Protein chains: 2
Amino acid sequence: MKLDTTDIRILNLLQENSRITTKEMAKKLSLTTTPVFERVKKLEREGIIEKYVAIINQKKMGIILSAFLFISLKEHTRRHIDKFQKDVDSFDEVTESFHITGENDFLLKVEVKDMEAYQKFVFTKLSVLTQLGSVKTQFILAQTKQSFPNIEL
Amino acid sequence: MKLDTTDIRILNLLQENSRITTKEMAKKLSLTTTPVFERVKKLEREGIIEKYVAIINQKKMGIILSAFLFISLKEHTRRHIDKFQKDVDSFDEVTESFHITGENDFLLKVEVKDMEAYQKFVFTKLSVLTQLGSVKTQFILAQTKQSFPNIEL
DNA sequence: ATAAAAAAAGAATTTTATTCTATATATTTT
DNA sequence: AAAATATATAGAATAAAATTCTTTTTTTAT
């Protein structure tokens, strides 16, 4: 599908605030609600807009410990890799999971309530996986930026 | 503020789909719209809900190259650290920025259109910063999980 | 230049958000 | 435990927005 400037502007607006009304968007774009409404539906249908989510302040919710875990596997056959990925992705503590280039195989973002929960996760879940080779953890002291790639034509 | 089970369920619903209507939530929670509406407003006021965003399919938008950059600084005085952070966070290509424990100082997530854009970013923006010590890049081959920490009481 | 297709406008309708008042539930105080 | 107070919910009314439909305008292709 071909997107034009209006579509891009709509995406940027929704990326900023997904609860913006069609009316507000229409005003900003100097259009009526109809075309804006139809374009949004189209972008949803095409899967360009994947979903709408609320960002929760995790500190206020008592989730204070976040870490990146760099993981290497013992073996690198497709079977082992797939199995390991499926397993780690099933853990609630793992909020993001990447397959990366370089000296490690996986990068996991783990978010838990406290150090005790972290230790419990490592001992009872992660270290149980037989494919696991090495794990190197770097804790997040602070996140200073959280944004989305600028969408351009 | 003290949150009860209803608040948590509302947060989880909004985290799943921020465009869900109060009516739908009310139905799922066996409540009327009034308490749901008021609770959402309260959660927004308190900053527990930080914002609502649309998740855009970046592959479809032509953003195909993502990488993690591990950065160490030459000097570690507060002044240098703060300055560096402010500078990198101002770059559009840097979508996430972390201060981390361990052998490196910063972890940046960089998202760009292609390798050319990546190289341009490194040459014209990152490497220009005088505080920069070392940079180690790991490219993201695939992201297999993207979720949010389970909110519990 | 004309015909066909796509996009937008405008109006009408349905649905939802929001406010207000009344009722019920829970909490605190005595 | 009962009364008083505060908190939460229900229900109804209103305002605003979403959604649909028809007409007009703009764009595109011939």
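Here is the naming used below: chain letters follow the sequence lines, and residue numbers restart at 1 for every chain. None of these values were measured; they are calculated from a predicted model.
Put simply, R19(B) has no side-chain N or O that comes within less than 4.0 Å of OP1 or OP2 on dA18(D). In this model, the phosphate group of dA17(C) is approached by a side-chain N or O of T22(B) to a distance below 4.0 Å at OP1 or OP2.
What separates CE of M25(A) from C1' of dA9(C) is a distance of 18 Å, to the nearest Å. dA8(C) atom P lies 6 Å from atom CG of L31(A), rounded to whole Å. Rounded to an integer number of Å, the gap from F37(A) CZ to dA18(D) P is 9 Å. For E44(A) and dT19(D), the CD to P distance is 9 Å, given to the nearest whole Å. What separates CG of D4(A) from P of dA6(C) is a distance of 14 Å, to the nearest Å. The NZ atom of K42(A) sits 10 Å away from the C1' atom of dA7(C) (whole-angstrom rounding). Rounded to whole Å, the distance from CG on L43(A) to C1' on dA7(C) is 15 Å. Per the geometry, CZ belonging to R39(A) stands 18 Å off C1' belonging to dT19(D), to the nearest Å.
Mapped onto DNA chain D by nearest heavy atom, K2(B) and T33(B) fall at different nucleotides, with K2(B) at the one closer to the 5' end. Residues E24(B) and V36(A) each lie close to DNA chain C; by heavy-atom proximity, the contact nearer the 5' end of the strand is made by V36(A). The residue among T32(A) and E38(B) whose nearest nucleotide of DNA chain C lies closer to the 5′ end is T32(A).
Between the side chains of E44(B) and Y52(B), a donor-acceptor pair is found at a separation under 3.5 Å. Judged purely by distance below 3.5 Å, without hydrogens or angles, the side chains of D105(A) and H99(A) never pair a donor atom with an acceptor atom. A side-chain N or O of T95(B) and one of E111(B) form a donor-acceptor pair less than 3.5 Å apart.
Comparing atom distances between the T34(B) side chain and each of dA10(D), dA9(C), dA18(D) picks out dA10(D) as nearest. In this structure, the nucleotide among dA10(D), dA8(D), dA11(C) sitting nearest to the side chain of P35(B) is dA10(D). The nucleotide whose nearest atom lies closest to any side-chain atom of T21(A) is, among dT19(C), dA17(D), dT16(C), dA17(D). Among the nucleotides dA17(D), dA17(C), dA10(D), the one closest to any side-chain atom of K23(A) is dA17(D).
Here D82(B) does not pair with K86(B) in a salt bridge; the nearest charged N to carboxylate O distance is not below 4.0 Å.
Nearest heavy atom pair, residue V53(A) against residue S18(B), reads N-OG, 3.3 Å. Residues E50(B) and N57(A) approach most closely at OE2-ND2, 3.0 Å, considering heavy atoms.
Counting heavy atoms from C-beta outward, F68(A) and F139(A) have side chains that stay 4.5 Å or more apart.
Terminal axes of the helix from dA1(C)-dT30(D) to dT30(C)-dA1(D) (five pairs each, C1' rotation axis) are separated by 50°, to the nearest 10°.
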